[in-house]
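Report on the following structure.
Numbers here simply count residues along the sequence, with the first being 1. Just so it is clear, the model here is predicted, and its values are computed rather than measured.
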Amino acid sequence: QVQLVESGGGLVQAGGSLRLSCAASGRTFSTYAMGWFRQAPGKEREFVAAVGWSGDSTYYADSVKGRFTVSRDNAKNMVYLQMNNLKPEDTAEYYCTTSLTTAQAMGIYGGDYWGQGTQVTVSS
């Protein structure tokens with residue numbers, strides 16, 4: 001049973017930073033892409049960032065490029081999302097996902113497994 005558990009969300013002022021973490025269990029994820037999507041109230045879920053199995057390949061939504069950094073630690077089955085210079089429009093529920101694909105493909109097609117989400121709220 002694949003399980004993804006996100007943590008690190010919270011309330012932050014605009015311009016601040018947060019670091020999200022996702023712990024994966026149930027199989028070896030070293031060959032899987034891992035990534036993040038988000039969903040704001042009344043909006044569809046959208047891609048944020050993804051990292052390939054080795055950690056060398058990353059892919060970002062245009063809206064977060066230069067502000068967010070995705071990384072992973074295969075030894076710990078963890079993926080992270082460092083979010084800097086946060087804006088009110090970044091407010092959303094953030095979901096961790098994984099699938100046997102590339103980071104870029106995950107950005108287009110999404111993942112096969114999903115976590116329950118962690119809330120990020122950015123106040124102006």
Side-chain angles (χ1 to χ4, degrees):
Q1 181 77 13
V2 173
Q3 188 173 20
L4 302 173
V5 179
E6 303 95 336
S7 61
L11 173 64
V12 65
Q13 288 189 331
S17 298
L18 282 175
R19 188 194 194 206
L20 304 184
S21 299
C22 173
S25 62
R27 65 179 58 192
T28 301
F29 291 92
S30 59
T31 58
Y32 282 62
M34 301 188 75
W36 296 89
F37 281 67
R38 67 186 181 187
Q39 187 168 19
K43 295 187 177 181
E44 292 187 354
R45 189 173 295 188
E46 65 174 2
F47 170 71
V48 176
V51 55
W53 67 271
S54 70
D56 292 337
S57 174
T58 56
Y59 186 57
Y60 295 93
D62 287 343
S63 59
V64 306
K65 280 181 182 177
R67 300 188 298 123
F68 291 10
T69 302
V70 62
S71 61
R72 64 189 295 164
D73 184 336
N74 284 341
K76 297 180 179 179
N77 272 356
M78 297 287 294
V79 63
Y80 306 98
L81 185 68
Q82 178 67 43
M83 305 185 295
N84 297 328
N85 190 21
L86 282 160
K87 304 176 180 181
E89 52 263 44
D90 294 317
T91 295
E93 189 83 6
Y94 282 70
Y95 297 90
C96 177
T97 185
T98 186
S99 63
L100 191 61
T101 185
T102 65
Q104 189 168 13
M106 175 173 282
I108 299 170
Y109 302 110
D112 294 326
Y113 304 97
W114 297 87
Q116 293 299 307
T118 185
Q119 177 67 36
V120 171
T121 303
V122 184
S123 63
S124 57

Exercise for review: Output yes when a side-chain donor or acceptor of Tyr60 lies under 3.5 Å from a complementary backbone atom of Val70, and no otherwise.
Suggested key: yes
Exercise for review: Output the distance between atom CH2 (Trp53) and atom OG1 (Thr102), rounded to the nearest 0.5 Å.
Suggested key: 13.0 Å
Check your understanding: Can you check whether Val79 reaches Cys96 side chain to side chain, under 4.5 Å on heavy atoms?
Key -> yes
Exercise for review: May I ask whether Val48 and Tyr59 are part of the same hydrophobic cluster, defined by side-chain heavy atoms of I, L, V, M, F, W, Y residues being less than 4.5 angstrom apart, directly or through others?
Suggested key: no
Practice item. Identify the heavy atoms of Ala40 and Ala92 that sit nearest to each other, and give their distance. Key: N-CB, 3.8 Å
Practice item. Tell me whether Tyr113 is reachable from Leu20 by hopping between hydrophobic residues (I, L, V, M, F, W, Y) whose side-chain heavy atoms are closer than 4.5 Å. Key: yes
Check your understanding: Do Met106 and Ser99 come close enough that some side-chain heavy atom pair is under 4.5 Å?
Key -> yes
**Study point:** Spatial distance of atom OG1 (Thr58) from atom CZ (Arg72) [nearest 0.5 Å]
**Key:** 12.0 Å
Review point. Any side-chain heavy-atom pair from Gln39 and Tyr95 closer than 4.5 angstrom?
Key: yes
Check your understanding: Within a radius of less than 6.0 Å around CD of Gln116, do more than 12 heavy atoms belonging to other residues, nucleotides or ligands occur?
Key -> no
**Study point:** Carboxylate-amine/guanidinium proximity below 4.0 Å for Asp90 and Lys87
**Key:** no
Practice item. Go through the steps for Val2 and Phe29 under the test side-chain contact (heavy atoms from CB on, under 4.5 Å), then give the verdict. Key: CA-CA 10 Å; Val2 173; Phe29 291 92; 3.7 Å; yes
Practice item. State, to 0.1 Å, how close Pro88 and Ala14 come at their nearest heavy-atom pair, and which atoms those are. Key: CD-CB, 4.1 Å
Check your understanding: Is any side-chain heavy atom of Tyr80 closer than 4.5 Å to a side-chain heavy atom of Arg19?
Key -> yes
Check your understanding: How long is the span from the NZ atom in Lys76 to the CG atom in Asn74, to the nearest 0.5 Å?
Key -> 12.0 Å
Review point. If Ile, Leu, Val, Met, Phe, Trp and Tyr residues are connected whenever their side-chain heavy atoms lie under 4.5 Å apart, and connections chain through other members, are Leu81 and Val120 in the same group?
Key: yes
Study note, to complete from the structure: CG of Asn84 to CG of Leu18, rounded to nearest 0.5 Å, is 9.5 Å
Review point. Between Ala103 and Ala33, what is the shortest heavy-atom contact and its length?
Key: N-CB, 4.1 Å
Point to revise | Within one Ile-Leu-Val-Met-Phe-Trp-Tyr cluster: Val12 and Met83, side-chain cutoff 4.5 Å | key: yes
Point to revise | The single option from Arg45, Lys43, Glu46 passing side chain to side chain contact (heavy atoms under 4.5 Å, CB included) against Arg38 | key: Glu46
Practice item. Using the side-chain contact (heavy atoms from CB on, under 4.5 Å) rule, take Trp36 and Phe68 through it: C-alpha gap first, then chi angles, then the decisive distance, then the call. Key: CA-CA 11 Å; Trp36 296 89; Phe68 291 10; over 6 Å; no
Check your understanding: Say you draw a straight line from OG1 of Thr121 to CD of Gln13; how long is it, rounded to the nearest 0.5 Å?
Key -> 13.0 Å
Exercise for review: Could you go through the side-chain contact (heavy atoms from CB on, under 4.5 Å) check for Gln119 and Thr91 one step at a time?
Suggested key: CA-CA 8 Å; Gln119 177 67 36; Thr91 295; 4.0 Å; yes
Point to revise | Gap between atom CD of Gln82 and atom OG of Ser71 - 0.5 Å precision | key: 8.5 Å
**Study point:** ILVMFWY network linking Tyr32 to Phe37, side-chain heavy atoms under 4.5 angstrom
**Key:** no
